S.K.: 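For reference, the structure I am asking about is given below.
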Amino acid sequence: MLQPRMFQTLLQHFSPEIQRTSTRLLFGVSHALRHGHRCGLHQSKAALQNARERTLIAVKPDGVQRRLVGQIIHRFEQRGFKLVGLKMVQASHGILSEHYGELRTKPFFHSLLTYMSSGPLVVMVWEGHNVVQASRKMVGQTNPAEAPAGTIRGDFSVHVSRNVVHASDSQEGAQKEIQLWFQAKDLLDWDCCDQIYTIEV
Ligand code: IDP
Ligand code: MG
């Protein structure tokens, strides 16, 4: 690990602006880590528990074909959520029937399955504080005609049958969908180094 004194010595070779920024960063992180240790255990546990909420997001075949995967991932990263699982799949009617089981009686059910199996999906699990509700807002209404500009559907789609992205609609739904699409071993528990700056722990 780089010691503060060595760090300062190295910094002497850089411009004054880089020196100031780097020093603020170094001592800011160490202060935040010390402060984190002083926080009440109960509060930290509750905050960390909330921060571990997870949801399933999928870029649908139209989103993949239109090369929107990067922009959609970018929005979730930019908001401050943590990616804990990701894969590209060609989904079967079997898994899609289970995923959309509640819509089985809808007149568009068959065409929905045909569309969703027409090409690869990029399926992801995102983690963070209030991620289920926040991601539904980021995605926008089911019908893109009603989704405001600034939402993914409002910015990238026009018709309800080609609305680019899926997001779980509740915490219970998210748990079921995550179990349907991922094995536990494929979800990574990793420490995100900016967590102390995105939630209060
Ligand atoms: P959601 O994706 O916003 O949660 P749901 O009502 O769960 O919306 O519907 C699942 C998906 O079914 C939608 O995202 C859309 O792809 C498709 N869908 C919903 N309503 C219609 C419709 O009226 N016509 C065609 N497809 C629809
Ligand atoms: Mg839904």
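This is a predicted model, so every value here is computed, not measured. All ligand and atom numbering here is 1-based and tracks the order in the structure.
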S.K.: For atom 24 (N) of ligand 1, tell me which residue out of N163, T142, V160, V165 has the closest non-hydrogen atom.
M.R.: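 Minimum heavy-atom distance to atom 24 (N) of ligand 1 goes to V160.
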
S.K.: Identify, for atom 2 (O) of ligand 1, the protein heavy atom at the shortest distance, and state residue, atom and that distance.
M.R.: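 The answer is R153 NH2, 3.0 Å.
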
S.K.: I need the contact type for L103 against ligand 1. Using non-hydrogen atoms and a strict under-4.0 Å cut-off, is it side chain, backbone, both or neither?
M.R.: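 L103 to ligand 1: side-chain contact only, backbone stays beyond 4.0 Å.
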
S.K.: Kindly confirm or rule out a cation-pi arrangement of R162 over Y115, judged by NZ or CZ under 6.0 Å from the six-membered ring centre and within 45° of its axis?
M.R.: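 R162 over Y115 ring: yes.
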
S.K.: Just to be sure I read this right, does ligand 1 sit under 4.0 Å from the backbone of Q141, its side chain, both, or neither, counting only heavy atoms?
M.R.: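 Contact part for Q141 vs ligand 1: neither.
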
S.K.: Should R136 be listed as contacting ligand 1, given a heavy-atom distance under 4.0 Å as the test?
M.R.: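 Checking ligand 1 against R136, which is what was asked, there is a heavy-atom contact under 4.0 Å.
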
S.K.: Given that the side chain starts at C-beta and the backbone is N, CA, C, O, which of these parts of H159 lies under 4.0 Å from ligand 1, counting heavy atoms, or is it both or neither?
M.R.: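 H159 to ligand 1: no contact under 4.0 Å from either part.
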
S.K.: Are more than 12 heavy atoms, taken from residues, nucleotides or ligands other than Q90, located less than 6.0 Å from that residue's CD atom?
M.R.: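 More than 12 within 6.0 Å, yes.
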
S.K.: Suppose we screen for side chain to side chain contact (heavy atoms under 4.5 Å, CB included). Which residues come up paired with V89, at least two apart in sequence or across chains?
M.R.: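 Listed in chain order: K87, L121, V123, W181.
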
S.K.: Under 3.5 Å, N or O to N or O, is Y100 touching ligand 1 that way?
M.R.: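 Between Y100 and ligand 1 (N or O atoms, distance only) the closest approach is not under 3.5 Å.
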
S.K.: Go through ligand 1 atom by atom and flag the ones less than 4.0 Å from a non-hydrogen atom of L112.
M.R.: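 Those atoms are 12 (O), 16 (O), 17 (C).
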
S.K.: Please walk me through it: do T114 and H110 pass side-chain contact (heavy atoms from CB on, under 4.5 Å)?
M.R.: CA-CA 6 Å; T114 304; H110 183 72; 3.8 Å; yes

S.K.: So that I can tick it off, tell me whether D189 and K82 are bridged by a salt bridge, with the cut-off set at under 4.0 angstrom between side-chain N and carboxylate O.
M.R.: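 No, this pair does not count.
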
S.K.: Counting each atom of ligand 1 from 1 as listed, which ones have a heavy atom of K60 under 4.0 Å away?
M.R.: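 It comes down to these atoms of ligand 1: 13 (C), 14 (O), 15 (C), 16 (O).
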
S.K.: Using side-chain contact (heavy atoms from CB on, under 4.5 Å), reason through M124 and V84 one step at a time and then give a plain yes or no.
M.R.: CA-CA 8 Å; M124 298 170 271; V84 295; over 6 Å; no

S.K.: Are any side-chain N or O atoms of N163 and backbone N or O atoms of T142, one a donor and one an acceptor, separated by less than 3.5 Å?
M.R.: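 Yes, the answer is positive, given that a donor and an acceptor are paired below the 3.5 Å cut-off.
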
S.K.: V125 and side-chain contact (heavy atoms from CB on, under 4.5 Å): which single residue from T55, I57, L56, D186 fits?
M.R.: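 Single pass found, and it is L56.
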
S.K.: Using a 4.0 Å heavy-atom cut-off, which part of H99 comes near ligand 1: side chain, backbone, both, or neither?
M.R.: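 Neither part.
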
S.K.: Atom 26 (N) of ligand 1: which protein heavy atom is closest, and how many Å away?
M.R.: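 The closest one turns out to be F108 CD1, 3.6 Å.
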
